[in-house]
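Read through the structure below, which is laid out as structure tokens, and then see the notes.
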Number of protein chains: 2
Amino acid sequence: MIRDGTTPLLGHGSDATRRRNLSALLVQVHRSRGLSRSSLTQATGLNRSTIAGLVAELVELGLVVESVPEGAQGVGRPSPIVRPSDGVGVVAVVPEADAVTVALVGIGGRVLARRRTAFDEPPRAQELPPLVRSSLAALRRSRPGLTPLGVGVAVPGLVRSTDGLVRLAPHLGWRDEPLGSLLRAVIGLPVSVSNDAILGATAEAVFGAARGLGHAVYLNGGSSGIGGGIIAGGVPLRGVDGYAGEFGHTHAGADDRRDAAGVPGSLESQVTRAALQRLLGIGPVDQDEFEAALVASAEPAVLAEVDRQLDYLATTLGTVVNILNPELVVLGGFLAALDAARPGRLEALLADRALDAARESVRIRRAELGSDLLLIGGGELAFAALLADPASMGEWRAG
Amino acid sequence: MIRDGTTPLLGHGSDATRRRNLSALLVQVHRSRGLSRSSLTQATGLNRSTIAGLVAELVELGLVVESVPEGAQGVGRPSPIVRPSDGVGVVAVVPEADAVTVALVGIGGRVLARRRTAFDEPPRAQELPPLVRSSLAALRRSRPGLTPLGVGVAVPGLVRSTDGLVRLAPHLGWRDEPLGSLLRAVIGLPVSVSNDAILGATAEAVFGAARGLGHAVYLNGGSSGIGGGIIAGGVPLRGVDGYAGEFGHTHAGADDRRDAAGVPGSLESQVTRAALQRLLGIGPVDQDEFEAALVASAEPAVLAEVDRQLDYLATTLGTVVNILNPELVVLGGFLAALDAARPGRLEALLADRALDAARESVRIRRAELGSDLLLIGGGELAFAALLADPASMGEWRAG
DNA sequence: GACAAAATGTTTACGCTTGCAACATAACAG
DNA sequence: CTGTTATGTTGCAAGCGTAAACATTTTGTC
């Protein structure tokens with residue numbers, strides 16, 4: 001069966017079976033960061049001998065390693081532990097207004113090495129390729145045994161998923177920057193670019209608060225706006241072009257003041273970290289410091305502003321719950337702080353804004369992955385091709 | 001490989017390959033309502049001989065029939081046309097406030113026979129099982145050769161997808177009615193129940209305006225509210241419980257008047273067919289008559305109300321486009337009439353409410369499937385199991 | 001300390017499914 | 001009527017997972 005890439009062929013040959021099983025195994029190892037061969041047998045329903053063959057192929061490809069288990073695990077012959085190999089990884093790139101971070105991420109979502117370059121003013125798109133190139137060279141020297149298989153970039157803006165064109169990234173001052181092609185021209189690896197919040201949602205769904213859930217929504221409050229990502233049916237929802245998840249511009253209240261994108265009455269025109277910082281009398285501090293200050297504050301003006309912002313946030317959350325019926329809403333950035341400052345209030349407000357049936361099954365949690373979130377998310381993006389077809393990437397590596 | 005149903009097993013055996021290929025073929029035949037064997041070869045990428053074997057099995061199962069092509073089709077040996085068989089079908093059930101419709105639907109989404117029972121007041125849930133039973137008996141007499149394989153019910157309300165519990169159906173006056181179990185107890189067939197708008201979206205995505213699209217949203221205006229359905233990645237998005245798509249209760253404007261569900265400022269508190277009917281001075285007429293009256297009206301009060309409602313609709317549409325980045329928005333019910341009364345206005349208003357990047361790739365169209373929409377949608381729901389695994393259902397039929 | 005039980009790895013023969021190549025068949029073109 | 005083209009048909013080969021028997025390792029018990 002020959003795949004020419006123009007149309008996704010619907011048929012399945014016997015090689016596709018093998019591909020799918022290799023993929024299922026590698027995904028299991030990736031998500032669990034190591035598990036016994038017998039667990040793989042149970043999880044997949046495949047025969048012991050089949051698992052043995054598949055694992056042997058993954059070892060051959062340099063993607064996993066087998067080791068003897070350490071502690072006692074019960075009667076019977078001990079089953080070898082299958083772990084992600086440190087021989088392969090991907091490159092995660094996170095451009096922000098004040099810095100660009102490049103990291104090596106291993107299978108299992110482990111950030112193995114990172115390199116942060118500070119910027120006084122936002123980096124230009126043209127600056128990224130040489131920066132990524134040199135950072136990658138330095139990172140590779142620090143980890144000589146690791147072969148990078150791809151690059152995943154998390155951009156705070158609208159990214160066309162087909163080619164990695166950044167349509168708009170206000171925080172960086174970018175508009176229609178062909179970041180994907182720019183990087184591909186310089187880095188000899190497959191490059192994928194995506195919106196940062198979608199990747200944050202992906203990371204939280206694989207390793208964080210929404211681990212294993214089929215339907216979840218990630219909502220992030222950053223210094224320049226509010227972004228989000230949707231997990232539907234266990235996979236990130238990108239939309240036709242990759243622009244899905246822009247919750248910041250949803251209509252959330254009576255006030256028709258416009259946000260930076262010109263949308264009137266939108267969530268991110270009302271719910272801002274800047275307004276809270278002003279009332280708290282602090283500068284652009286660290287995320288943890290900000291939250292500590294917000295939670296500690298008993299200032300009436302601060303509390304009033306927190307409640308006002310929570311009210312707007314609840315309206316958007318109501319819309320989200322009514323439209324998507326998620327199992328979990330994950331709050332990141334200053335939205336997590338907002339919820340922490342008034343525990344339980346957001347859920348109480350939601351009772352008024354969402355239909356009972358949908359509201360009953362939704363929980364609200366804070367993001368778990370902290371500062372590594374986008375590195376892991378970028379890693380997930382770059383790993384996607386490998387996880388979907390381990391054999392082809394292994395061959396690519398050998399060549 | 002044994003499937004016990006508790007956990008979805010990830011492994012693929014050679015029988016799964018066969019299943020998948022049979023499914024791919026039947027889906028093709030279903031969506032196209034008949035195509036040549038050579039087209040199947042091209043679409044799947046499978047070998048001619050493999051297709052021959054697979055089609056033979058589908059014929060054996062009584063799911064498709066092969067026939068010699070009629071017209072000329074070029075050089076070469078003519079390829080047999082594979083058509084849906086009329087030997088199998090499903091039952092679609094559509095309960096509404098004033099009537100219950102039961103229909104036989106064939107593969108290919110063809111409504112083969114229907115039976116409508118009028119009600120003076122909304123039917124009670126307990127009335128449905130005997131009614132469906134007797135209607136089905138009558139329909140089977142009219143189509144003796146057809147074996148029904150399942151039942152799909154389209155309910156205007158919130159339906160828990162796991163068991164078919166109707167949490168809330170205001171239009172019918174139902175609350176927590178276990179419709180799925182009630183029907184299963186009386187009908188000796190698999191029964192699935194779902195929200196009507198999700199099924200409308202499904203039908204439009206398979207056979208209607210959104211045919212073949214991966215990302216689309218269906219928005220329907222009914223006499224009792226506004227519902228919707230999302231197609232994401234080519235499949236209906238149900239959410240954890242099946243309540244997704246409730247666009248009627250999204251926050252859409254400054255006015256905080258509450259809708260029937262108590263949600264303030266929601267779309268369906270502002271955009272109503274009743275308000276338009278009142279201004280037009282007409283009663284609860286037919287959908288086509290309503291649209292004709294609305295489009296013909298030059299009354300300033302009517303035009304003002306249309307514009308007012310379009311404004312609210314545009315706000316929700318902006319939210320939808322920003323969150324889901326769909327390729328197409330399909331308008332059904334009186335929302336299609338609203339758009340038709342002021343051509344182009346909705347798209348123009350959307351420019352202000354949605355981010356440019358996402359708005360550029362979205363089109364707005366009216367629903368195509370008319371009055372058969374929910375019958376076809378219910379059929380799709382019931383056919384889902386067969387299409388996913390043709391062999392097992394065929395065996396079930398034989399037994 | 002020896003032996004049985006339990007769980008898992010390993011090996012080999014087998015069945016199923018698809019792929020391939022050769023041949024057969026049907027339509028069109030001249 | 002004959003050659004070309006496209007497709008159906010047939011028999012054989014290759015790949016993959018399965019099943020069963022055997023080997024290995026740990027635990028528990030007498």
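Note that this is a predicted model, so its numbers are computed, not measured. Letters A, B, ... mirror the listed sequences (proteins, then strands); counts begin at 1.
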Notebook entry, point to check: In whole angstrom, what separates A:L35's CG from C:dT8's C1'?
Noted result: 15 Å
Note to self: Using the side-chain heavy atoms of A:R77, tell me which of these nucleotides is nearest: C:dG9, D:dA6, D:dT18.
What the structure shows: C:dG9
Notebook entry, point to check: Any salt bridge between A:E204 and A:R211, counting N to O under 4.0 Å?
Noted result: no
Notebook entry, point to check: What's the closest nucleotide to the A:V75 side chain, out of C:dT8, C:dA7, C:dC20?
Noted result: C:dA7
Notebook entry, point to check: Of the non-hydrogen atoms in A:L369 and A:A203, which two are nearest, and what is the gap between them?
Noted result: CD1-O, 3.4 Å
Item checked: Side-chain donor-acceptor contact under 3.5 Å, A:S194 with A:R238 -> yes
Notebook entry, point to check: Contact class for B:G53 vs. all strands (heavy atom < 4.0 Å): base, sugar-phosphate, or nothing?
Noted result: nothing
Next item on the list: Looking only at side-chain atoms of B:S49, point me to the closest of D:dT10, D:dC16, C:dT18.
Entry: D:dT10
Notebook entry, point to check: Atom CD1 of B:I51 to atom C1' of D:dT9: distance rounded to whole Å?
Noted result: 14 Å
Notebook entry, point to check: Touch check for A:T50, heavy atoms < 4.0 angstrom, all strands: base, sugar-phosphate only, or nothing?
Noted result: base
Checklist line | Spacing between B:L25 atom CG and C:dT17 atom C1', to the nearest angstrom | finding: 14 Å
Next item on the list: Using atom CG of A:D15 as one end and atom P of C:dT18 as the other, report the distance to the nearest whole Å.
Entry: 12 Å
Item checked: Side-chain donor/acceptor of A:R33 to backbone N/O of A:G108, under 3.5 Å -> yes
Notebook entry, point to check: How long is the line joining CZ of B:R19 and C1' of D:dG17, in whole Å?
Noted result: 13 Å
Item checked: Most 5' of B:N47 and B:P78 on DNA chain C, judged by nearest nucleotide -> B:N47
Notebook entry, point to check: Does a side-chain N or O from B:S38 land closer than 4.0 Å to OP1 or OP2 of D:dA6, or not?
Noted result: no
Notebook entry, point to check: Could you give the CG-to-P distance, from B:L22 to C:dC16, as a whole number of Å?
Noted result: 15 Å
Next item on the list: For B:L54 and C:dG19, give me the distance from atom CG to atom P, rounded to whole Å.
Entry: 9 Å
Next item on the list: Starting from the 5' end of DNA chain C, give me the residue, A:A52 or A:G76, whose nearest nucleotide shows up first.
Entry: A:G76
Item checked: Selected nucleotide, minimal atom distance to B:L46 side chain, candidates C:dA27, C:dG19, D:dA19 -> C:dG19
Check: Taking only side-chain nitrogens and oxygens of A:N21, does any of them come within less than 4.0 Å of OP1 or OP2 of D:dC16?
Finding: no
Note to self: Assess whether a salt bridge exists between A:R83 and A:E66, defined as any Lys/Arg side-chain N lying under 4.0 Å from an Asp/Glu carboxylate O.
What the structure shows: no
Next item on the list: Would you indicate which nucleotide in D:dT9, C:dT18, D:dC16 comes nearest to any side-chain atom of A:T17?
Entry: D:dC16
Item checked: Pairwise 5' ranking along DNA chain D for B:R37 and A:R18, keeping only the more 5' one -> B:R37
Check: Quick one: do the B:S36 and B:S39 side chains pair a donor with an acceptor below 3.5 Å?
Finding: yes
Next item on the list: Using atom CD of B:E70 as one end and atom P of C:dA27 as the other, report the distance to the nearest whole Å.
Entry: 14 Å
Checklist line | Residue whose nearest DNA chain D nucleotide is more 5′ - A:R48 or B:S14 | finding: B:S14
